[in-house]
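Here the structure comes first, spelled out in structure tokens, and everything after it is commentary.
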Amino acid sequence: MSNAEDHFKNVISHSKEYGFIFQSSEIYDGLSAVYDYGQNGAELKKNLRDYWWKAMVQLHDNIVGIDAAIFMHPTTWKASGHVDAFNDPLIDNKDSKKRYRADVLIEEHVAKIEDKIRKEVEKAAKRFENFDQKLFLQTNPRVVEYAEKINSINSRFKKAMEDGNLDEVKQIILDLEIVCPISGTRNWTDVRQFNLMFATQLGSVSDESSTIYLRPETAQGIFVNFLNVQKTGRMKIPFGIAQTGKAFRNEIVARQFIFRMREFEQMEMQYFVKPGTEMESYEYWKNARMRWHQSLGFGENRYRFHNHLKLAHYANAACDIEFEFPFGFKELEGIHSRTDFDLKNHEEFSGKKLRFFDPETKESYIPYVVETSVGLDRLFLATLATALKTEKIEDGSERTVLNLPHALAPVKVAVLPLVNKDGLPELAQKIVDELKFDYQVQCEEKDTIGKRYRRQDAIGTPLCITIDHQAIEDGTVTIRERDSMTQERVPLNAIKKIVDERVSLSSLLKKL
RNA sequence: GCGGAAGUAGCUCAAUUGGUAGAGCUCCAGCCUUCCAAGCUGGAGGUUGCGGGUUCGAGACCCGUCUUCCGCUCCA
């Protein structure tokens with residue numbers, strides 16, 4: 001276990017040392033749960049995004065991609081249910097250190113009183129032969145008292161929430177003498193409101209009506225454009241709309257490096273299907289997405305499905321693809337059957353018909369949606385954590401190597417003149433100039449060759465082309481492979497073909 | 001947000017009961033010209049996270065604050 005912890009710490013420090021991830025605003029002591037991608041991180045992240053985009057959009061003739069804005073009309077979030085679902089009043093018990101939702105505590109208390117009424121009814125039903133339940137509920141003094149109590153609690157709570165009066169919510173909990181189920185005490189903190197969406201102002205003049213949110217998921221940008229894309233792209237169901245982009249959530253606690261950030265990037269695809277066929281597509285995408293992840297070669301046993309038993313407000317089936325991170329199996333991608341929840345609500349709130357007319361059956365319907373949603377930053381972390389290895393070499397020394405899939409490496413080829421004279425740097429530059437139009441290439445002249453190899457290993461460069469004196473004599477160079485550290489001598493005119501074969505993205509895509 | 005631990009050079013870490021902040025690696029400039037991080041010379045780099053306090057004197061002690069890690073909580 002401490003091994004895994006050490007490994008995770010290594011991943012974090014390696015990320016910083018080699019320009020993958022920096023903490024945001026580090027010179028100002030950082031900003032909690034916000035991170036920046038450095039020169040190598042940005043390349044790796046871009047490559048992961050490209051691989052996803054090409055696998056989803058380029059390889060499927062019925063999937064197109066869009067890039068919707070982060071700002072959306074405020075009604076969007078009412079329709080999606082986020083305004084309600086993202087506002088929780090929370091309260092902590094100081095003795096047990098447990099946190100509760102204040103509304104749940106009060107609801108549970110009300111449920112207990114309802115229980116008492118039910119018991120009274122049961123007792124009375126046994127006692128009287130011609131039991132009139134309706135009359136009993138209206139007349140029995142004890143029951144009436146309970147019912148009044150429930151009503152007064154509910155109306156008081158409702159008013160407090162509407163007024164945003166959190167002190168009153170706390171006072172209700174105190175007045176009802178609600179105790180913590182764990183500690184049994186009434187030692188409560190103040191009630192705090194956790195708004196999980198970021199609000200900001202649209203327009204330079206501040207005005208209450210101009211409050212808008214930074215999107216908490218990219219999906220809604222797809223839903224509100226459903227009709228635009230369907231019509232202008234002449235899309236026939238089933239079809240998909242893909243999108244990558246930033247989303248923002250005000251997490252209560254953000255932890256584990258870039259696993260849970262306040263600002264993060266999603267890669268989502270919403271697949272629109274005929275109602276009744278959604279489970280078929282759900283199964284298809286479950287398998288297709290798992291296959292995609294496994295094509296990265298991190299090991300099949302590091303992935304598993306986790307089926308959701310408790311479903312979100314919009315779903316009729318849901319599962320996660322979990323990955324074995326250094327801190328355990330955690331969600332990497334979610335696959336949800338979202339029914340027609342989103343389109344139906346947007347139809348209702350906007351008053352616009354969001355339907356598909358099927359010319360064959362002559363019917364018009366609101367499509368069902370199957371969503372695949374990957375966290376790009378989580379995928380990045382999974383990739384880096386799996387790829388980072390410390391190896392013992394035969395000569396007894398150690399090397400740190402990033403065992404990245406070749407096509408994803410930030411730098412594909414390093415060109416290294418063995419010595420910095422005799423025309424070797426010039427030849428190296430010629431090779432760089434040939435490759436740079438297709439690949440990220442680096443030329444390094446400083447330090448001993450061994451040092452340069454190790455530096456390239458540490459950022460995961462799959463191929464090193466070394467120029468020695470023989471290269472000048474007979475026009476051949478050596479290509480050294482990162483993982484095996486073996487070298488082969490090849491003629492100059494064979495370089496491009498070899499690089500294409502070993503590091504291009506298409507070689508990875510063809511395996512899908 | 002609560003509890004625990006930590007924060008000293010780019011990185012890893014020293015600094016006796018409170019007494020002038022150091023080392024290795026890295027980096028930079030040269031020399032050397034070497035196929036797997038280890039040669040030579042010189043150099044740069046610090047308001048000890050930040051702000052207060054105690055003291056003749058604080059990296060160390062006290063208070064506050066920020067950040068990170070671990071646990072709890074939350075996770076559409």
Side-chain angles (χ1 to χ4, degrees), chain A residues 1-2 5-6 8-10 12-14 16-19 22-35 77 80-88 90-101 104 182 189-192 194 196-197 216-217 219-220 247 249-257 259-260 308 310-315 318 320 327 330-331 334 336 338 341 371 373 391 393-401 416-422 424 445-458 464-470 477-478 480 482 485-487 489:
Chain A
M1 205 59 204
S2 75
E5 261 173 46
D6 284 350
F8 189 38
K9 280 183 181 157
N10 264 340
I12 295 169
S13 60
H14 192 86
K16 186 185 171 186
E17 190 175 353
Y18 289 95
F22 306 122
Q23 195 184 3
S24 161
S25 319
E26 198 185 356
I27 60 167
Y28 293 110
D29 275 340
L31 190 60
S32 185
V34 184
Y35 292 89
W77 309 112
S80 69
H82 285 89
V83 171
D84 295 329
F86 271 48
N87 278 295
D88 295 335
L90 299 180
I91 189 167
D92 295 341
N93 183 273
K94 289 180 190 167
D95 298 313
S96 65
K97 314 282 185 209
K98 295 287 172 188
R99 168 167 294 171
Y100 300 93
R101 279 175 53 174
V104 171
I182 307 273
T189 63
D190 288 342
V191 176
R192 282 174 304 247
F194 283 78
L196 272 58
M197 283 197 289
E217 64 173 21
Q220 300 304 326
R249 297 180 191 181
N250 226 338
E251 306 287 349
I252 299 170
V253 271
R255 284 291 166 77
Q256 276 145 346
F257 197 38
F259 184 80
R260 180 169 292 126
H308 287 203
K310 213 179 128 192
L311 296 170
H313 58 277
Y314 52 71
D320 296 334
F327 39 85
K330 298 278 179 183
E331 179 184 354
H336 296 225
R338 293 182 77 130
F341 177 89
E371 167 188 274
S373 175
E391 288 181 350
I393 312 181
E394 286 170 15
D395 66 6
S397 66
E398 280 194 346
R399 74 159 180 165
T400 300
V401 58
L416 314 171
L418 195 57
V419 296
N420 200 9
K421 61 177 186 185
D422 303 335
L424 271 48
E445 295 163 356
K446 281 186 182 141
D447 290 317
T448 63
I449 191 70
K451 261 188 183 179
R452 283 180 276 174
Y453 284 148
R454 296 301 171 89
R455 261 206 301 269
Q456 294 299 334
D457 287 341
C464 288
I465 298 177
T466 306
I467 323 291
D468 56 10
H469 287 95
Q470 192 183 332
V477 295
T478 59
R480 178 245 194 203
R482 179 194 64 203
M485 294 195 286
T486 54
Q487 288 179 286
R489 186 163 280 278

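The chains referred to below are lettered A, B, ... by the order of the sequence lines, with proteins before strands, and numbering in each begins at 1.
Across every strand in view, B:U48 sits unpaired, with no contact that passes the Watson-Crick or G-U test at under 3.5 angstrom. With a cut-off of 3.5 Å on both Watson-Crick or G-U wobble distances, the partner of B:C27 is given as B:G43. Pair assignment for B:A38: none, as no Watson-Crick or G-U wobble contacts are both less than 3.5 Å. Of the nucleotides present, none pairs with B:G59 by Watson-Crick or G-U wobble criteria with both distances under 3.5 Å. In this entry B:G7 has B:C66 as its Watson-Crick or G-U wobble partner, both defining distances falling under 3.5 Å. Pairing for B:U16 is absent, judged as Watson-Crick or G-U wobble with the two contacts each under 3.5 Å. Taking a pair to require two hydrogen-bonding distances under 3.5 Å in either a Watson-Crick or a G-U wobble arrangement, B:C32 remains unpaired. When Watson-Crick and G-U wobble pairs are counted only if both distances are under 3.5 Å, B:C72 pairs with B:G1.
Contacts of A:T478 with the nucleic acid, taken as non-hydrogen atoms under 4.0 Å apart, include base atoms.
The separation of B:U12 from B:G7, taken at their C1' atoms, amounts to 14 Å, rounded to a whole angstrom. A distance of about 28 Å separates the C1' atoms of B:C69 and B:C27, rounded to the whole Å. To the nearest whole angstrom, the two P atoms, one in B:G43 and one in B:A23, are 12 Å apart. Using atom C1' as the reference point in both B:A37 and B:U26, the two lie 11 Å apart (nearest Å). B:U20 and B:G57 have their P atoms separated by 15 Å, with the value rounded to a whole Å. A distance of about 13 Å separates the P atoms of B:G22 and B:U48, rounded to the whole Å. Nucleotides B:C63 and B:G71 are separated by 26 Å at their C1' atoms, to the nearest Å. Comparing the C1' positions of B:G18 and B:C61 gives an interatomic distance of 8 Å, to the nearest angstrom.
On a pure distance criterion of 3.5 Å, no polar donor-acceptor pair joins the side chain of A:E17 and the base of B:C11. Between the base of B:C35 and the side chain of A:R480 there is no donor-acceptor pair shorter than 3.5 Å.
Ranking B:C27, B:A29, B:C35 by closeness to the A:D447 side chain, first place goes to B:C27. With B:C74, B:C28, B:U33 as the choices, the nucleotide that has an atom nearest any side-chain atom of A:K446 turns out to be B:C28.
A salt bridge does not link A:R454 with A:D447: none of the charged nitrogens is closer than 4.0 Å to a carboxylate oxygen.
Listed pair A:Q23 / B:U67 fails the phosphate criterion, with no side-chain N or O lying under 4.0 Å from OP1 or OP2. Side-chain N/O atoms of A:K16 include none lying less than 4.0 angstrom from OP1 or OP2 on B:G10. Residue A:R455 has a polar side-chain atom (N or O) positioned under 4.0 Å from OP1 or OP2 of B:C27.
Each of A:N420 and A:T486 lies near RNA chain B, and the nucleotide nearest A:N420 is the one positioned closer to the 5' end. Between A:T466 and A:K330, the residue anchored nearer the 5' end of RNA chain B, judged by the nucleotide with its closest heavy atom, is A:T466.
Distance check: A:R452 CZ to A:E445 CD gives 8.0 Å after rounding to the nearest 0.5 Å.
Following rounding to the nearest Å, A:Y453 (OH) and B:U34 (P) show an atom-to-atom distance of 14 Å. A:F22 has its CZ atom 11 Å from the P atom of B:C11, to the nearest Å. Look at CG on A:L418: it is 10 Å from P on B:C36, rounded to the nearest Å.
The side-chain hydrogen bond (donor to acceptor under 3.5 Å, both in side chains) check on A:E217 picks up A:Q220, A:R338, with sequence neighbours excluded. With sequence neighbours left out, A:K451 forms a salt bridge (Lys or Arg N to Asp or Glu O under 4.0 Å) with no residue at all.
Proximity of a side-chain donor or acceptor of A:R249 to a complementary backbone N or O of A:P216 within less than 3.5 Å is detected.
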Subject >> Footprint string (nucleotides 37-46 of chain B, 5' to 3'): B base within contact, S backbone only, - free, heavy atoms under 4.0 Å >> reply: BS--------
